Number of protein chains: 2
Amino acid sequence: MQSDEPEDEVGAAGTSVDASRGQRRNGAATIYDVAERAGVAPSTVSRALSKPGRISAATEAKIRAAAEELNFRFNPMARALHTGRTQTIALVLADITNPVVFGIIRGAEKAASAEGYTLIIAESQESGDVEAAAVSRILPSVDGLVLATSRLASDRIRDIAVEKPVVLINRAVDDVAAILPNVSQGVTALLDHLDELGHRSLAYLSGPQVSWMSERRWENLLEGAESRGMGLVEIGPNVPTIEGGRAALRRVLAARVTAAVAFNDLIAIGLMKAAAESDVDVPNRLSVTGFDDIFGSELVVPALTTVRSELELAGQRAVEHLLAGLAGRTPEATDALSAELVIRMSTAAPAEPAVVG
Amino acid sequence: MQSDEPEDEVGAAGTSVDASRGQRRNGAATIYDVAERAGVAPSTVSRALSKPGRISAATEAKIRAAAEELNFRFNPMARALHTGRTQTIALVLADITNPVVFGIIRGAEKAASAEGYTLIIAESQESGDVEAAAVSRILPSVDGLVLATSRLASDRIRDIAVEKPVVLINRAVDDVAAILPNVSQGVTALLDHLDELGHRSLAYLSGPQVSWMSERRWENLLEGAESRGMGLVEIGPNVPTIEGGRAALRRVLAARVTAAVAFNDLIAIGLMKAAAESDVDVPNRLSVTGFDDIFGSELVVPALTTVRSELELAGQRAVEHLLAGLAGRTPEATDALSAELVIRMSTAAPAEPAVVG
DNA sequence: TTGTATGCGTTATCAA
DNA sequence: TTGATAACGCATACAA
């Protein structure tokens with residue numbers, strides 16, 4: 001094991017001058033090193049490099065040259081210690097392996113790095129306790145948080161929002177900023193589609209009990225079904241995974257509905273898998289739909305009809321909103337993200353006329 | 001906006017004493033606040049909370065109580081400034097939306113948080129320049145890095161490894177630690193399978209030119225094909241996405257092979273999609289295989305035969321290795337991760353006897 | 001065992 | 001415009 005290898009580092013860094021001063025033990029140059037090399041005071045270096053333009057062009061050039069030669073970079077910790085800003089934000093997710101989060105991560109990462117912020121990712125593994133622990137651990141080192149699909153109680157979220165700025169995704173809590181999809185738009189399009197196809201009786205396969213979004217989708221579904229005179233039954237809660245969807249098939253069949261609306265694509269896919277194994281014909285015997293349009297939804301056979309969420313945009317908006325607030329700008333109003341129905345092969349007209357209850 | 005709210009905080013902190021000191025402007029309690037409340041010196045607080053046991057039980061209890069009441073937490077930046085350690089590591093990835101990385105992220109996140117480390121995620125978007133910029137930006141604030149599927153030149157990686165400890169995943173560079181799958185094991189199993197089925201002519205759909213892993217797979221494939229007397233042709237480079245696989249169909253058909261071995265599952269899936277659209281029967285007319293066994297590979301129809309990589313374990317091992325080195329422990333030797341062949345529905349005996357070239 | 005003093009690298013305040 | 005200097009919150013060498 002080679003824990004230290006001083007000769008290498010010095011050899012690579014300094015150009016064979018005396019090794020006594022210059023770089024610190026850490027190997028990284030500081031503003032003192034730059035100041036010495038440029039023949040100015042450390043505070044001048046700080047100014048020149050932090051807020052360019054507020055200094056004489058000549059000295060600034062000298063300082064820049066010296067910084068360049070020493071490969072100087074600001075120490076973020078020292079900076080943060082004084083300013084209280086870490087230039088870091090946290091994204092906390094329920095389940096990293098759920099394809100739903102890919103888009104969110106990518107959008108958030110882009111928006112963050114665009115403004116020079118670093119993104120920290122924490123996973124709650126669908127557990128409120130784990131999430132609380134993770135948040136508590138990273139809270140001191142971030143300037144703000146994006147809570148996506150949080151499993152935390154509303155009160156706890158409010159507590160966090162008091163300490164640091166928070167933006168929610170797919171969750172609403174009083175007085176906390178949130179990026180939300182237009183649920184009613186998506187559900188309306190979905191019900192219209194099913195209605196036109198001739199479906200008269202639906203089942204909703206709900207998600208976890210603590211999922212705010214599952215509840216919202218149910219409410220909208222219920223209202224829409226009522227106004228259209230369609231039958232609707234809730235089956236759940238279901239674990240929001242393929243396995244969870246698989247396990248629900250029996251109850252769906254027993255409910256004698258012609259279409260199943262799943263809380264998310266994972267559940268929908270699981271349901272279709274189980275149906276295929278039981279020789280239940282999707283979509284002719286049973287239509288199946290999901291939400292999110294994750295990777296895999298168009299791969300599965302039959303390809304899944306689903307309500308697409310603009311996940312990447314959600315991640316991006318959330319971070320932008322957070323950063324705007326951090327910068328003292330007034331964040332734009334967060335209008336709902338559009339939810340578009342993607343019609344594929346898992347929905348069709350029911351084989352027989354609607355069952356009369 | 002209420003930046004300060006002294007009455008609340010002091011009310012909770014000091015017992016109505018003078019309001020001049022107490023909580024800092026930031027709102028967060030410091031060891032000074034705890035020290036004052038417990039009636040001891042700040043350094044004692046630091047000791048009591050940093051290394052429990054090395055202090056009298058009575059004072060420690062007092063200090064813990066005070067810390068609890070003030071909801072004290074160490075300021076990681078202040079700590080890092082002194083120790084040079086941030087308790088943070090970076091995971092840099094080529095493409096966050098590639099399902100391959102889910103496992104890596106999860107494994108890395110678990111291993112990191114298990115030791116109280118925070119994980120930072122950076123994405124290179126398949127670009128060496130973006131990756132270099134990202135690395136350079138986060139380098140000062142992390143204790144070490146895990147480079148997964150790096151698009152960086154070997155020299156650049158060595159440069160980074162001089163500044164901070166680095167562990168690679170799916171990439172080998174001299175003198176840099178790496179977690180690698182057992183490529184030859186996977187390829188051997190794959191070729192055995194194809195050989196038994198009766199395939200005599202294969203195509204390898206390679207990945208990006210800069211992909212070290214694509215090159216390794218090709219080398220093993222070539223060697224194995226030679227020793228088995230099988231024909232093998234390389235088709236590529238291909239963009240490692242579904243689209244990339246789609247685009248390769250024509251050349252695969254033109255090559256008149258009976259089986260296509262794709263660099264990864266995404267390419268394999270794309271190839272199958274294109275095949276389906278062109279009425280090419282997979283697996284009877286063309287067998288297709290992938291690498292990785294990502295989410296979606298068993299969803300697609302026909303379900304994909306592929307060489308599974310232990311991605312989660314790779315992420316975990318990489319972080320553990322890094323952390324062991326950071327802690328001064330000697331990291332365990334990094335033996336190759338096993339690569340298991342998962343036989344599903346995309347491979348079958350060729351419809352006709354092998355084409356004679 | 002506990003307290004005092006100092007430094008970590010930066011920014012900001014105040015002089016010059 | 002530039003320089004000296006005092007925080008920022010914590011860890012540690014040293015003293016008590």
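Chain letters run A, B, ... following the sequence lines, proteins first, then strands; residues in each count from 1. Bear in mind that the values here come from a model prediction, so they are computed numbers and not experimental data.
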Phosphate OP1/OP2 of D:dC10: any B:S46 side-chain N/O under 4.0 Å: no
B:L81 CG to C:dT11 C1', straight-line distance once rounded to whole Å: 12 Å
Salt bridge present between A:E68 and A:R64 (N-O < 4.0 angstrom): no
Selection from D:dT1, D:dC10, C:dG3 that lies nearest to any side-chain heavy atom of B:F72: D:dC10
Smallest separation among heavy atoms of A:G128 and A:L152, with atom names: O-CD1, 3.4 Å
Within 6.0 angstrom of B:R54 CZ, more than 12 heavy atoms from elsewhere: no
Sugar-phosphate only, base, or nothing, as touched by A:R73 at under 4.0 Å among non-hydrogen atoms: sugar-phosphate
Selection from D:dT2, C:dT11, D:dC10 that lies nearest to any side-chain heavy atom of A:I55: D:dT2
Whether over 12 other heavy atoms sit under 6.0 Å from A:D159 CG: yes
Among C:dT10, D:dT1, D:dC10, the nucleotide that comes nearest once only the side chain of B:N75 is considered: D:dC10
Angle by which the axis turns from one end of the helix from C:dT1-D:dA16 to C:dA16-D:dT1 to the other, five pairs per end, to 10 degrees: 40°
Distance below 4.0 Å between B:K51 side-chain N/O and D:dA11 OP1 or OP2: no
Touch class at under 4.0 angstrom, heavy-atom based, for A:V40 against every strand present: sugar-phosphate
Minimum-distance nucleotide to B:H82 side chain [options: C:dT10, D:dC10, C:dT2]: D:dC10
Proximal nucleotide (of D:dG3, D:dA11, D:dA13) relative to the B:R47 side chain: D:dA13
Main-chain N/O of A:V130 paired with A:R151 side-chain donor or acceptor, under 3.5 Å: no
Upstream residue (5' side of DNA chain D) when A:T44 and B:R79 are each assigned their closest nucleotide: A:T44
Earlier contact from the 5' end, DNA chain C, for B:A57 and B:A78: B:A57
Heavy-atom donor-acceptor pair, B:Y32 side-chain to D:dC10 base, under 3.5 Å: yes
Side chain to side chain, A:R106 and B:E123, heavy atoms closer than 4.5 Å: yes
Side-chain N,O (B:S43) to OP1/OP2 (C:dT4) below 4.0 Å: no
B:S50 side-chain N/O to D:dA11 phosphate OP1/OP2 under 4.0 Å: yes
Steps toward side-chain contact (heavy atoms from CB on, under 4.5 Å) verdict (B:D95, B:V101): CA-CA 8 Å; B:D95 176 11; B:V101 306; 5.9 Å; no
